[in-house]
Amino acid sequence: MTPCLFCSIVNHEINASIVYEDDRVVAFNDINPQPPTHVLIVPRRHIATLNDLNGDDTELVGELVRRAALIAKDRGISASGFRTVFNTNRDAGQTVHHVHLHLLGGRTMHWPPG
Ligand code: 5GP
Ligand code: ZN
């Protein structure tokens, strides 16, 4: 089985600029940031896509979203605004199949996305 990149980051087997971690959630800076703030918030447990969530994961998904808001607050972008995105599978451009919430901010972003 191919090792999962984000599992390797979560387990500290691959270096990442980690900004937050607890027993359920890890957040780290994206290696190829698009806006000035580009943080990925992931569950510690491997879940490939949102399609693979189960009924017990509702609270976990809430923790990802709340953690994004708290990191945005730390970065001073709560009031100016930020975007949070889960990409799922091919049409959305998901490249790493371990659920991750993108926190994007620090500049004006366009809508709708491409
Ligand atoms: P996706 O396209 O799957 O929604 O997003 C995957 C994200 O992971 C991309 O924004 C990409 O830059 C980021 N990424 C890919 N490899 C690494 C890595 O090794 N370390 C970190 N920190 N981010 C990565
Ligand atoms: Zn994984």
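Indexing begins at 1, ligand by ligand and atom by atom, following the structure's order. Residue numbers start at 1 and run along the sequence shown.
Residue pairs meeting the ring pair (Phe, Tyr, Trp, His ring centres under 6.0 Å) criterion with at least one member in residues 73-94, sequence neighbours excluded, do not occur.
In this view, Arg107 satisfies the side chain to side chain donor-acceptor pair (under 3.5 Å) rule with no residue, not counting sequence neighbours.
Taking the ring centroids of His102 and His100, they lie under the 6.0 Å cut-off.
Placement of Leu5 and Val10 within a single hydrophobic cluster is found when ILVMFWY residues are connected by side-chain heavy-atom separations under 4.5 Å, directly or transitively.
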May I have a table of the N/O to N/O pairs between ligand 1 and the protein that fall below 3.5 Å, each row giving the two atom names and the distance to 0.1 Å?
from	atom 1	to	atom 2	distance (Å)
ligand 1	2 (O)	Gly93	O	2.9
ligand 1	2 (O)	Thr95	OG1	3.2
ligand 1	3 (O)	Thr95	N	2.7
ligand 1	3 (O)	Thr95	OG1	3.1
ligand 1	3 (O)	Val96	N	3.1
ligand 1	3 (O)	His100	NE2	3.0
ligand 1	4 (O)	Asn87	ND2	2.9
ligand 1	4 (O)	His100	NE2	2.8
ligand 1	4 (O)	His102	NE2	2.8
ligand 1	5 (O)	His100	NE2	3.0
ligand 1	5 (O)	His102	NE2	3.3
ligand 1	10 (O)	Asp30	OD1	3.3
ligand 1	10 (O)	Asp30	OD2	2.5
ligand 1	12 (O)	Asp30	OD1	2.5
ligand 1	12 (O)	Asp30	OD2	3.4
ligand 1	22 (N)	Asn29	O	2.9
ligand 1	22 (N)	Ile31	N	3.4
ligand 1	23 (N)	Ile31	N	3.3

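When all heavy atoms of Asp52 and Asp57 are compared, the pair lying nearest together is O-OD2, 4.4 Å. Contact record, Leu104 with Val85: CD1-CG2, 4.0 Å, taken as the closest heavy-atom pair.
Residues Asn87 and Thr49 fail the side-chain proximity criterion, which asks for heavy atoms closer than 4.5 Å. With contacts defined as side-chain heavy-atom distances shorter than 4.5 Å, the pair Leu60/Arg45 qualifies.
To the nearest 0.5 Å, atom SG of residue Cys4 and atom NE2 of residue His46 are 5.0 Å apart.
The distance cut-off of 2.8 Å around the Zn ion (ligand 2) captures these protein N, O or S atoms, sorted by chain and number: Cys4 SG, Cys7 SG, His46 ND1, His98 ND1.
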